[in-house]
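As structure tokens, the structure follows; a few thoughts come after it.
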Amino acid sequence: MRKAKKRQIRNRLLRFLFTLVLVFFIAFFLSGGIWVLHPRTWQHVGDLLPRLSQQLPAIQESGAPEVLAWSDRLSRFLFIRRAVDARVQRDDYVPLSEIPVELQHAVVAVEDSRFYTHHGFDPTGIARATLVNLQYGEIEEGASTITQQLVKNLFLSHEQTWGRKGEELLLALDIEANYSKDEILELYLNTIYYGSNFYGIGPASTGYFGKEPQELQLPECALLAGLPNAPSLYSPYVDFLMAKKRQFVVLDAMVKNGYIDERMAEDAKIKPLILAH
């Protein structure tokens, strides 16, 4: 009898404490404390940690991929901005304000037309790519978003395993939660491989056309936007005809997505391209 009474008192005490904690958190959130749950809040905690040593983006690394401990993977996920800063090369980094809008539109149109509406992955794109690949019986079309490509470029190997794809998805969602769309596009343009040993839009612009990015015209923007899909194949220094065909695909995608009209696309297709070498 006495044990039952003690148990009853203990249960009442636990319920009271639980109610007290619940009321505290509700009051805390209603008074503006909900900011604690926002992902960007935790990035400031990462600023207090020791600075990570600078590393090459994964896309530029040679040899076997680095094997990270689970603690390092968790730290990367929790403090994603800290991890990104350690991987981004700033020597030739070009702010989005110095990258032509035509190039931004071209990349979005051909690589990820729903970039501004999805949250890191595109279910519609995945379904479409699956149908296309089933139709052709081989991989004809990918479904990676710009955000997923950025994650792969910075952190991951190119092995096709469920574990790596799962990590890619989680990091893409993390990137979307902690960066604006413009920041993501800027990072992508500065890390993607454009072929002929040019990483990032700065080296690609000067390497192919002898121009700073802000000087690029629509035909040049369309050609550069088409290279990341298969840089070793579409580089104009490797196969100029293939590069032109890919440029046509990009310009048609820009028309389809409403960035330019047919006349602008046709004018860009026939305008001569003058390469730096």
Side-chain angles (χ1 to χ4, degrees), residues 35-99 103-104 107-108 111-112 115-116 118-121 144-159 164-194 197-207 212-214 228 231:
W35 62 270
V36 173
L37 296 181
H38 196 284
R40 297 195 185 194
T41 301
W42 296 100
Q43 302 308 311
H44 299 298
V45 178
D47 295 338
L48 304 176
L49 299 175
R51 187 181 181 87
L52 293 173
S53 58
Q54 201 69 30
Q55 294 177 273
L56 287 173
I59 195 175
Q60 295 187 41
E61 290 180 337
S62 57
E66 180 185 10
V67 179
L68 291 181
W70 278 107
S71 57
D72 293 327
R73 292 175 188 269
L74 180 61
S75 175
R76 181 167 65 187
F77 181 79
L78 290 177
F79 310 117
I80 189 66
R81 294 186 74 97
R82 175 172 173 262
V84 168
D85 288 343
R87 291 279 186 166
V88 174
Q89 306 299 300
R90 298 291 177 179
D91 294 342
D92 299 306
Y93 195 87
V94 183
L96 196 66
S97 59
E98 298 177 15
I99 298 175
L103 179 56
Q104 299 175 41
V107 167
V108 171
E111 290 290 337
D112 185 3
F115 172 67
Y116 291 105
H118 66 62
H119 300 288
F121 70 102
S144 291
T145 63
I146 283 174
T147 313
Q148 288 174 280
Q149 291 181 54
L150 173 62
V151 165
K152 286 188 289 187
N153 292 342
L154 290 178
F155 302 121
L156 304 179
S157 68
H158 291 282
E159 61 178 348
R164 195 206 63 80
K165 291 298 289 184
E167 187 174 14
E168 174 190 310
L169 178 57
L170 287 175
L171 288 173
L173 293 171
D174 199 15
I175 290 278
E176 289 275 345
N178 288 287
Y179 288 86
S180 69
K181 288 292 187 179
D182 282 350
E183 288 176 315
I184 294 170
L185 184 59
E186 179 180 288
L187 286 166
Y188 174 85
L189 290 168
N190 279 280
T191 56
I192 198 70
Y193 183 48
Y194 293 87
N197 207 32
F198 300 132
Y199 292 90
I201 187 58
S205 178
T206 55
E212 295 300 316
Q214 61 264 40

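Taking CD1 of Ile175 as the reference point, atom CD1 of Ile146 lies at 13.0 Å (rounded to 0.5 Å). Atom NE2 of His118 and atom CG of Leu173 lie 10.5 Å apart (nearest 0.5 Å). For the atom pair Ser180 OG and Leu96 CG, the distance stands at 8.5 Å (nearest 0.5 Å). Summarising the geometry, atom CG belonging to Leu156 is positioned 10.5 Å from atom CD belonging to Gln148; distances are rounded to the nearest 0.5 Å.
Within the 3.5 Å criterion, the main-chain N or O of Leu170 finds no donor-acceptor partner in the side chain of Asp174. No donor-acceptor distance shorter than 3.5 angstrom exists from the side chain of Lys152 to the backbone of Glu168, with no hydrogens or angles considered. A side-chain donor-acceptor contact under 3.5 Å links Asn190 to the backbone of Val94. No donor-acceptor pair under 3.5 Å is formed between the side chain of Asp92 and the backbone N or O of Gly202. Side-chain atoms of Arg87 never come within 3.5 Å of backbone atoms of Phe155 as a donor-acceptor pair (strictly under, hydrogens ignored). Panel note: side chain Gln89, backbone Gln55; a donor-acceptor pair is recorded below 3.5 Å. Counting only distance, with no hydrogens or angles, the side chain of Thr147 and the backbone of Ala172 share no donor-acceptor pair below 3.5 Å.
Shortest non-hydrogen contact noted between Phe198 and Tyr193 is O-CD1, 3.3 Å. Listed here is the closest heavy atom pair of Ile201 and Ile99: CG2-CD1, 3.9 Å. For the residue pair Glu183 and Asn178, the shortest heavy atom distance occurs at OE1-O, 4.4 Å. Of all non-hydrogen atoms in Asp85 and Gln54, the two that sit nearest each other are O-NE2, 3.2 Å. Closest non-hydrogen pair, Ile192 versus Pro228, comes out as CG1-CB, 3.5 Å. Here the closest heavy-atom approach between residue Thr145 and residue Gly120 is recorded as OG1-O, 2.7 Å.
Every residue was checked against the side-chain hydrogen bond (donor to acceptor under 3.5 Å, both in side chains) condition with Tyr194, not counting sequence neighbours, and none meets it. Partners of Gln104 under the side-chain hydrogen bond (donor to acceptor under 3.5 Å, both in side chains) rule, at least two apart in sequence or in another chain, do not exist in this structure. When the side-chain hydrogen bond (donor to acceptor under 3.5 Å, both in side chains) test is applied to Glu186, the partners found at least two apart in sequence or on another chain are Tyr93.
Taking 4.5 Å as the limit, some side-chain heavy atom of Ile184 sits within range of a side-chain heavy atom of Leu150. Annotation: side chain of Glu98 is not in contact with side chain of Glu212 (no heavy-atom distance under 4.5 Å). You'll find the side chain of Arg76 reaches within 4.5 Å of the side chain of Leu171, heavy atoms only.
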>> Please determine whether side chain to side chain contact (heavy atoms under 4.5 Å, CB included) holds for the pair Leu185 and Tyr116, giving the CA-CA distance in whole Å, both sets of side-chain angles, and the decisive distance to 0.1 Å.
In response: CA-CA 10 Å; Leu185 184 59; Tyr116 291 105; 3.7 Å; yes
